[in-house]
Amino acid sequence: MKITILTLFKEQFDGFTNTSIIKRAIEKKIVDIEVINYRDYSNDKLKRVDQPPYGGGAGMIIKLQPIVDCLKKIKTNDSHVILLSAKGKLYKQTIAHSLAKYKHIILICGHYEGIDDRILNYVDEEISVGDYILTGGEIPSMIIADSIIRLLDGAIKNDSIVEESFENNLLEYPQYTEPRIFENFEVPNILFSGNHKAIKEYRFKESIKKTLSNRPELINIDSFNKQEKKWFNELQ
């Protein structure tokens, strides 16, 4: 897969592409990350990319020309173009899975007061990473890229993905490691029982409890098997 990020601030991605899982995925050629400064495509003699909004208002609006010319240069038939915007649909794990199937993702980072709205004629979808406002699309683009890359074959162990939060309409169960007791806080005894069936039941119920407490809207009882429905009813 190739991920291309269009931004005015390439330097923000130096750490992102040179650490941890992302760096290893690049080195293993699982993903190719390309960061482009679309200011380079501006036809303004001073390379300006923004102008005041028509009709008045605060801030500056990014012009279409630099971004559209950049897209025309890099876009192929395999490309899927995404605009990062607070007005877009809310990003979820299911979207990450669908995006991971593309050969080429292009992420457009806005800045200032946003991009001329006619940009929507040149993108495939508009995505928001949450109900809050950031100074630009750089951090959201990293969030989306990270969530996609870790789903690619070979980026991380498959077992690490299967039992994560959001993968089964539940938040993940609590995890523990050494020491068994830390400042009077003890790891649940069931995890030392060696009874894998009992541990599975415990973890499922803990996931249910966490989801009911923090994100009850995620629960979809119809997705549970017969045994899981029984455990769920016991908690009720």
Side-chain angles (χ1 to χ4, degrees), residues 1 3 5 16 20-22 80-102 105-110 114-115 117 120 123-153 155-177 185 187-188 190-191 196-236:
M1 168 182 270
I3 298 176
I5 300 170
F16 177 71
S20 190
I21 293 171
I22 307 301
H80 185 75
V81 185
I82 299 170
L83 173 66
L84 286 314
S85 167
K87 295 180 287 187
K89 64 183 179 183
L90 189 63
Y91 192 60
K92 297 182 178 181
Q93 186 69 6
T94 52
I95 299 177
H97 277 282
S98 66
L99 295 181
K101 298 174 183 178
Y102 287 98
I105 296 289
I106 299 175
L107 301 171
I108 303 175
C109 304
I115 301 173
D117 206 57
L120 296 178
V123 305
D124 296 303
E125 60 181 321
E126 189 178 12
I127 289 178
S128 167
V129 296
D131 295 336
Y132 44 84
I133 305 299
L134 298 172
T135 56
E138 284 72 25
I139 292 175
S141 73
M142 293 182 207
I143 290 172
I144 291 177
D146 187 294
S147 66
I148 294 172
I149 292 167
R150 63 196 316 281
L151 294 175
L152 301 177
D153 288 342
I156 61 174
K157 294 180 180 179
N158 289 335
D159 290 347
S160 297
I161 296 174
V162 173
E163 296 187 349
E164 288 182 318
S165 293
F166 307 114
E167 289 296 341
N168 56 356
N169 297 308
L170 293 174
L171 301 181
E172 189 177 10
Y173 50 79
Q175 300 269 37
Y176 306 91
T177 189
F185 296 106
V187 176
I190 184 67
L191 298 177
H196 297 293
K197 183 178 179 180
I199 291 174
K200 181 178 180 180
E201 177 180 350
Y202 160 78
R203 285 176 165 170
F204 179 80
K205 288 182 176 180
E206 288 300 308
S207 287
I208 288 290
K209 291 177 184 177
K210 176 63 73 173
T211 310
L212 285 172
S213 173
N214 292 356
R215 297 291 301 279
E217 76 280 5
L218 291 176
I219 293 179
N220 178 12
I221 299 176
D222 292 335
S223 68
F224 298 162
N225 61 37
K226 184 176 180 180
Q227 181 61 68
E228 290 171 341
K229 288 178 180 178
K230 179 181 178 182
W231 291 337
F232 178 78
N233 290 330
E234 288 174 0
L235 286 175
Q236 298 299 297

Ion pair present between Glu217 and Arg215, side-chain N to carboxylate O less than 4.0 angstrom?
-> yes
To the nearest 0.5 Å, how far apart are CG in Leu218 and OG in Ser207?
-> 11.5 Å
By side chain to side chain donor-acceptor pair (under 3.5 Å) - contacts of Lys92 (at least two apart) = none
Going by the side-chain contact (heavy atoms from CB on, under 4.5 Å) test, name the single residue among Ile106, Leu99, Asp124, Ile95 that passes it with Ile82.
-> Leu99
side-chain contact (heavy atoms from CB on, under 4.5 Å) partners of Tyr132, counting only residues at least two apart = Val129, Leu134
Which residue, Asn214, Leu170, Leu171, Leu235, forms the side-chain contact (heavy atoms from CB on, under 4.5 Å) with Lys209?
-> Leu235
Listed by chain and number, what are the ring-ring contact (aromatic ring centres under 6.0 Å, His included) partners of Tyr91, not counting sequence neighbours?
-> none
Look at the rings of Phe204 and Trp231 and say which category their plane angle falls in: under 30° parallel, 30 to 60° tilted, over 60° perpendicular.
-> tilted
List in chain and number order the residues that pass side chain to side chain donor-acceptor pair (under 3.5 Å) with Tyr202, two or more places apart in sequence or in another chain; answer none if no residue qualifies.
-> none
Roughly how far, to the nearest 0.5 Å, is the CG atom of Leu151 from the NZ atom of Lys101?
-> 10.5 Å
Spatial distance of atom OH (Tyr173) from atom CD1 (Ile208) [nearest 0.5 Å] = 14.0 Å
Test salt bridge (Lys or Arg N to Asp or Glu O under 4.0 Å) applied to Lys229 - qualifying residues, sequence neighbours left out | none
Taking only residues two or more places apart in sequence, or in another chain, which ones meet Glu125 in a salt bridge (Lys or Arg N to Asp or Glu O under 4.0 Å)?
-> Lys89
Output, in order, the C-alpha distance, side-chain angles, deciding distance and verdict of salt bridge (Lys or Arg N to Asp or Glu O under 4.0 Å) for Lys210 and Glu206.
-> CA-CA 6 Å; Lys210 176 63 73 173; Glu206 288 300 308; over 6 Å; no
Could you tell me the separation between the CD1 atom of Ile115 and the CG atom of Leu120, rounded to the nearest 0.5 Å?
-> 9.0 Å
